[in-house]
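Whatever order the structure lists them in is the order used to number ligands and atoms, beginning at 1. Keep in mind the model is a prediction, meaning the values are calculated, not measured.
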Amino acid sequence: MRAYTLKNKNIEVTFIERGGQIISIKVPDAKGNIADVVVGYDTMDETLAGDGYFGALCGRYANRIVGGKFEIDGEKFQLDCNNDTNHLHGGVEGFNSRNWTVTPVSLDKFVQAYKLSLTSADGEQKYPGKLEVSVIYGLTEDDQFVIEYEAETTKPTVINLTSHAYFNLCGAGHASAVNHKLQLNASRYTPICAKLGTASGEIVPVKGTPFDFTSAKTVKSACDTDHEQINMIQGIDHNFVIDNYNGSTQLVGTLLDPVSGRKMEVYTNQPGIQIYTGAHFDGSEKGKNGAPIEACAGIAMETQIFPNSPNYANFPNATLKPGEKYKHTCIYKFCK
Ligand code: GAL
């Protein structure tokens with residue numbers, strides 16, 4: 001499996017063809033100490049055999065579609081279900097398990113960039129329309145790792161692409177991310193209604209709940225709160241509704257490791273961000289540094305449309321029609 005590395009004077013991002021999976025991001029702290037800030041494995045063999053969502057590109061529809069069902073203009077579709085009775089992250093063979101075609105590209109705004117592309121056939125995982133997808137991974141001079149997604153379809157379909165890295169700014173495999181401070185420009189979130197984490201369709205204020213990250217606070221303080229939404233999945237696995245969403249790329253959140261001082265800002269043009277604290281990691285698998293991967297080994301910050309949007313009229317529209325272009329930007333900016 002071929003690995004590709006993007007480098008500027010501070011940061012190094014390495015990814016592979018399978019799933020466009022980001023297998024390491026090496027970032028210095030203010031003293032110049034380098035840490036690899038994404039959860040993963042020490043070897044390629046473990047990476048290929050391990051959790052296929054770590055750092056991967058997810059699609060055609062990232063997150064859950066309840067029952068794998070949706071309708072477009074009265075036509076009903078039934079996707080394969082791979083998460084009990086739901087469709088998750090594009091199905092059994094989502095984009096995370098596909099081999100992407102990788103080519104170097106030269107773009108003025110990036111020190112270095114690669115284009116990853118794939119074709120998703122009409123009917124793949126039972127989605128309608130042939131989809132041409134391209135993703136740019138670019139690194140800027142000022143330490144922004146930029147992901148630019150584009151897609152076009154031959155038939156009306158649904159789309160929600162995301163990147164599924166779990167960040168640990170202490171260095172993956174060295175300490176838990178539970179004491180990271182998280183801040184989100186989100187005064188509302190979408191609650192879940194069952195153990196499987198499917199969105200209920202409501203949009204509710206975060207005020208007075210553990211989901212209030214409008215001011216920075218530790219992830220632990222939220223996860224330790226006795227609240228039914230936290231207890232249901234032993235942590236956070238929720239979509240937050242970005243304030244003042246207008247389709248342009250804006251700062252939506254910040255993650256900070258108070259010990260090293262490493263900080264990551266997240267920018268996107270998407271209406272939502274799924275925060276996942278990795279409750280299902282039970283320590284049975286060894287990751288980087290030989291350390292068991294436990295809950296809160298890292299925190300996923302997945303920019304996206306909302307979960308199950310195709311079935312809720314009050315959620316943003318996830319339909320892509322022929323002649324339209326899906327455009328999604330996500331930026332992870334590393335600061336000291
Ligand atoms: C997250 C999702 C979690 C879990 C994980 C994949 O995006 O919110 O519930 O399914 O992906 O392991």
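- For atom 6 (C) of ligand 1, the closest non-hydrogen atom on the protein side is Y53 CD1, 3.6 Å.
- From the protein, the heavy atom lying nearest to atom 12 (O) of ligand 1 is H280 CE1, 3.3 Å.
- Looking at ligand 1, you'll find an N or O of R64 within less than 3.5 Å of one of its N or O atoms.
- Taking the six-membered ring for Trp and the full ring otherwise, the centers of Y61 and F70 sit at least 6.0 Å from each other.
- Residue L88 touches ligand 1 through its side chain alone, judged by heavy-atom distances below 4.0 Å.
- Shortest contact from atom 2 (C) of ligand 1 to any protein heavy atom: D237 OD1, 3.6 Å.
- Applying the side chain to side chain donor-acceptor pair (under 3.5 Å) test between Y41 and each of K286, E46, E285 identifies E285 as the sole match.
- The only option from E302, Q274, H89 that meets the side chain to side chain donor-acceptor pair (under 3.5 Å) definition with N63 turns out to be Q274.
- Between T47 and R18, the closest heavy-atom pair is O-NH2, 3.1 Å.
- The closest protein non-hydrogen atom to atom 1 (C) of ligand 1 is H164 NE2, 3.1 Å.
- Nearest protein neighbour of atom 4 (C) of ligand 1, counting heavy atoms only, is Y276 CE2, 3.9 Å.
- The distance from ligand 1 to the heavy atoms of E302 drops below 4.0 Å at these ligand atoms: 1 (C), 7 (O).
- Judged purely by distance below 3.5 Å, without hydrogens or angles, the side chains of Q183 and N185 pair a donor atom with an acceptor atom.
- Residues R98 and E124 are paired through a salt bridge, judged by an N-O separation under 4.0 Å between the basic side chain and the carboxylate.
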